[in-house]
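Have a look at the structure below before the remarks.
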Amino acid sequence: MRRRIGRDVFHRWEGNPILGAEDVPYRCNTVFNGTVAKVGSEYLLLLRIEGQQGYSFFGLARSPDGFHFEVEEHPVLFPAREGEFCIYESMGIEDPRATFIEDSYLVAYTAYSGYGTRIAIARTQDFHRFERLALSSGPGNKDGVLFPERIDGKYVRLDRPIGLDVGSIWVSYSQDLHSWGHSRVLLTPRPGYWDSYRVGASIPPIRTARGWLEIYHGTQMTASGPIYRAGAALLDLDDPSRVIARCSVPLLSPREDYERIGDVGNVVFPCGAIVEDGEIRMYYGAADTYLCVATASLDDVIRCALDEAGGD
Ligand code: BMA
């Protein structure tokens with residue numbers, strides 16, 4: 001009998017989408033691009049919610065099992081309306097990515113204004129109170145993800161500056177989360193591949209025996225706009241500016257209606273993942289309209305990054 005292995009390395013949960021606008025207890029346009037944290041025995045999702053006004057803010061959802069989530073009554077973080085961050089968040093805050101480092105969560109997110117996008121960093125313990133720490137990049141940068149530990153005493157981040165309209169993943173280092181430097185380009189779009197148009201970091205890097213696992217998003221431009229897919233790369237544990245391996249085929253591609261049809265169709269956009277018992281559970285925005293979850297064995301994802309998974 002022909003073996004059916006499915007077309008994606010990640011398997012969608014049959015209850016997808018796990019959240020849509022109808023699950024949010026206040027008026028909004030969409031809920032998507034959420035990052036996950038396990039606090040005690042509870043799973044939390046910090047969600048990008050786009051209000052009906054058109055700008056985004058963050059809400060919080062809770063779950064006992066990582067699949068069935070309830071969105072809290074009130075949003076937890078709005079764009080700053082005063083202080084240093086205010087003018088750079090005037091068009092919203094987007095795409096949070098939470099990293100547990102030392103004794104708290106650092107959330108890197110996109111601050112969006114008429115001056116462009118910047119990577120902002122906020123600290124939280126409980127996902128209710130946030131301390132804005134740094135506007136950590138100039139304009140034209142986004143998709144910031146922080147590593148969960150310092151390397152050689154420095155914070156490390158992947159980010160996505162746009163140079164000459166080319167979107168590549170870079171690595172940068174910092175002593176204090178404010179000033180970032182020693183930037184190097186890491187992963188660039190590959191002509192002829194599924195990630196030929198732009199690439200950006202998606203989930204905070206995960207330490208594995210084979211290197212830092214980075215699940216990133218890559219886009220391919222088509223006559224009807226870009227297609228967003230998810231892929232994987234492995235970076236050296238001691239020197240993350242060294243790429244060990246990169247998948248040639250994606251891990252997850254938009255195929256279901258909820259990924260194909262929405263405010264921006266043909267998008268899967270991960271912002272967080274949890275590894276438990278050898279399984280990686282990835283949370284992703286679908287079509288800029290829903291929040292979904294998909295799982296894979298960590299070994300399969302690493303095999304895919306190493307290009308050992310086969311595929312065509
Ligand atoms: C990216 C980001 C994401 C969004 C994606 C698809 O550039 O803005 O927030 O999900 O585009 O529209």
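Whatever order the structure lists them in is the order used to number ligands and atoms, beginning at 1. All of these numbers come straight from a predicted model, not from anything done at the bench.
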Within the 4.0 Å heavy-atom cut-off, what Thr110 brings close to ligand 1 is neither

Hey, can you tell me if Trp212 and Phe147 have their rings parallel, tilted or perpendicular (30° and 60° cut-offs)? perpendicular

Proximity winner for atom 7 (O) of ligand 1, if only heavy atoms of Lys142, Glu50, Arg160, Arg198 are counted: Lys142

Answer yes or no for His217: is there a heavy-atom contact with ligand 1 below 4.0 Å? no

What protein heavy atom lies closest to atom 11 (O) of ligand 1? Include the residue and the distance to one decimal. Tyr228 OH, 3.0 Å

Enumerated ligand 1 atoms positioned under 4.0 Å from heavy atoms of Val264: 12 (O)

In terms of residue, atom name and distance, what is the protein heavy atom nearest to atom 12 (O) of ligand 1? Asp288 OD2, 2.7 Å

Nearest neighbour of atom 2 (C) of ligand 1 from the list Thr219, Asn33, Asp95, on a heavy-atom basis: Asp95

Parallel, tilted or perpendicular: which one describes the rings of Phe67 and Trp13, with boundaries at 30° and 60°? tilted

Throw together a table of side-chain donor-acceptor distances under 3.5 angstrom for residues 186-194, partners on residues two or more places apart or in other chains.
residue, atom, partner, partner atom, Å
Arg190, NE, Asp195, OD1, 3.1
Arg190, NE, Asp195, OD2, 3.3
Arg190, NH1, Cys247, O, 2.9
Arg190, NH2, Asp195, OD1, 3.4
Arg190, NH2, Asp195, OD2, 2.8
Arg190, NH2, Cys247, O, 2.9
Trp194, NE1, Ser248, O, 3.0

Would a line drawn from the ring center of Phe32 to the ring center of Phe269 be shorter than 6.0 Å? no

Looking at every non-hydrogen atom in both residues, tell me the closest pair between Pro96 and Tyr109 and how far apart they are. CA-CB, 4.0 Å

Any N or O of Arg48 that comes nearer than 3.5 Å to an N or O of ligand 1? yes

Can you tell me how the ring of Phe57 sits relative to the ring of Phe78, calling it parallel under 30°, perpendicular over 60° and tilted otherwise? tilted

